[in-house]
Amino acid sequence: MQVAVVTFDGFNELDSFIASALINRSGLEAFITTPTPVVTSMNGVEVTGQRSMDFVTEADVVLIGSGVKTRDVVADDRLLSMLPLDPSRQLIGSQCSGALVLARLGLLGDMPACTDMTSRPFVEACGVTVLDAPFHAEGNIATAGGCLASQYLATWVISRTLGEEAARAAIDYAAPVGEKLETVQRSLRAVHAGESAVI
């Protein structure tokens with residue numbers, strides 16, 4: 001199974017790279033997927049995309065990263081047209097301001113979402129209820145809020161595709177020494193709570 005980590009200009013490194021690295025550790029293949037050959041992060045880091053946006057249609061999982069230019073992205077019909085997402089056959093997730101993209105694409109419907117505090121008013125302006133939580137999922141769509149919540153998005157993807165034991169192993173590998181069990185339990189607890197929450 002293949003994962004597209006959609007990464008726009010002005011992206012947040014933590015959001016794209018943590019999810020991508022954890023997912024790749026599980027045995028799935030995650031690729032930084034960009035609309036241009038090179039994108040520059042919010043801190044000036046230039047990254048060459050591993051896949052073009054055409055890859056989005058064939059990916060089994062699509063994660064929309066966040067960044068300081070997400071409001072420009074959602075105002076650009078050309079960029080949005082590169083995201084013909086299909087929740088009936090794809091797992092779709094967003095990180096922080098990526099929830100704006102899902103809202104603009106009409107994928108959230110009545111579903112509440114998680115996002116970061118800076119993006120919250122803009123997501124709410126789209127008519128979306130924003131939760132005071134790091135992770136929420138309904139069916140094949142998930143949202144995460146806060147940079148380090150990207151580990152929860154990765155945990156969700158791995159659990160849904162390879163099973164919970166694979167997710168445990170991937171998180172355990174990356175967890176701080178002396179905090180491995182605690183980190184694994186926290187990640188799984190966040191995902192289980194986000195999937196079972198009744199709104």
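Note: the hydrophobic cluster containing V157 does not contain V101 (ILVMFWY, side chain heavy atoms under 4.5 Å, direct or indirect links). Hydrophobic clustering of Ile, Leu, Val, Met, Phe, Trp and Tyr side chains at less than 4.5 Å, counting indirect connections, keeps L181 apart from I158. Criterion: ILVMFWY side-chain heavy atoms under 4.5 Å apart, direct or through other members. Under it, L91 and V6 are not part of a common hydrophobic cluster. Hydrophobic cluster membership differs between V56 and V3, with clusters built from Ile, Leu, Val, Met, Phe, Trp and Tyr side chains linked at under 4.5 angstrom. When the side chains of ILVMFWY residues are joined at heavy-atom separations under 4.5 Å, either directly or via intervening members, L28 and L22 end up in two distinct hydrophobic clusters.
The backbone N or O of T40 lies less than 3.5 Å from a partner atom in the side chain of D9, making a donor-acceptor pair. In terms of modelled atom types and a separation under 3.5 Å, the side chain of H136 and the main chain of T143 share no donor-acceptor contact. No side-chain donor-acceptor contact under 3.5 Å links T155 to the backbone of L153. Of the possible polar contacts, one joining the Q95 side chain to the G146 backbone as a donor-acceptor pair under 3.5 Å is found.
Side chain to side chain, D15 and S150 fail the donor-acceptor criterion of an N or O pair below 3.5 Å. If you check the side chains of T34 and T7, you find no donor sitting under 3.5 Å from an acceptor. N43 and E13 share a donor-acceptor pair across their side chains, judged by distance under 3.5 Å alone.
For the pair F11 and V47, the minimum side-chain heavy-atom distance is below 4.5 Å. Side-chain contact check for Q90 versus V61: every heavy-atom pair is 4.5 Å or farther apart.
The OG atom of S26 sits 13.5 Å away from the CD atom of E165 when rounded to the nearest 0.5 Å.
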M1 vs L162, side chain to side chain contact (heavy atoms under 4.5 Å, CB included): CA-CA, chis, key distance, verdict: CA-CA 9 Å; M1 299 192 75; L162 299 178; 5.8 Å; no

Could you give me the CA-CA distance, side-chain angles and deciding distance for K69 and D76, then say whether salt bridge (charged side-chain N to carboxylate O under 4.0 Å, His left out) is met? CA-CA 11 Å; K69 297 184 178 180; D76 188 331; over 6 Å; no

Passes side chain to side chain contact (heavy atoms under 4.5 Å, CB included), E195 versus E138? Steps please. CA-CA 6 Å; E195 288 180 319; E138 293 183 15; over 6 Å; no

Candidate pair C96 and N12, rule side chain to side chain contact (heavy atoms under 4.5 Å, CB included), full reasoning: CA-CA 10 Å; C96 292; N12 183 319; over 6 Å; no

Are E29 and Q50 close enough, and set up right, to give a side chain to side chain contact (heavy atoms under 4.5 Å, CB included), and what steps lead you there? CA-CA 11 Å; E29 291 184 296; Q50 297 173 288; over 6 Å; no

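Under the side-chain hydrogen bond (donor to acceptor under 3.5 Å, both in side chains) criterion, the residue pairs touching residues 169-189 are Q151-S187, with sequence neighbours excluded.
The minimum heavy-atom distance between L85 and I64, with the atom names listed, is CD1-CD1, 4.4 Å.
Between W156 and F135, the angle of the ring planes lies from 30° to 60°, which puts this pair in the tilted group.
Look at D60 and R160 and you find no salt bridge, because none of the NZ, NE, NH1 or NH2 atoms lies under 4.0 Å from a carboxylate O.
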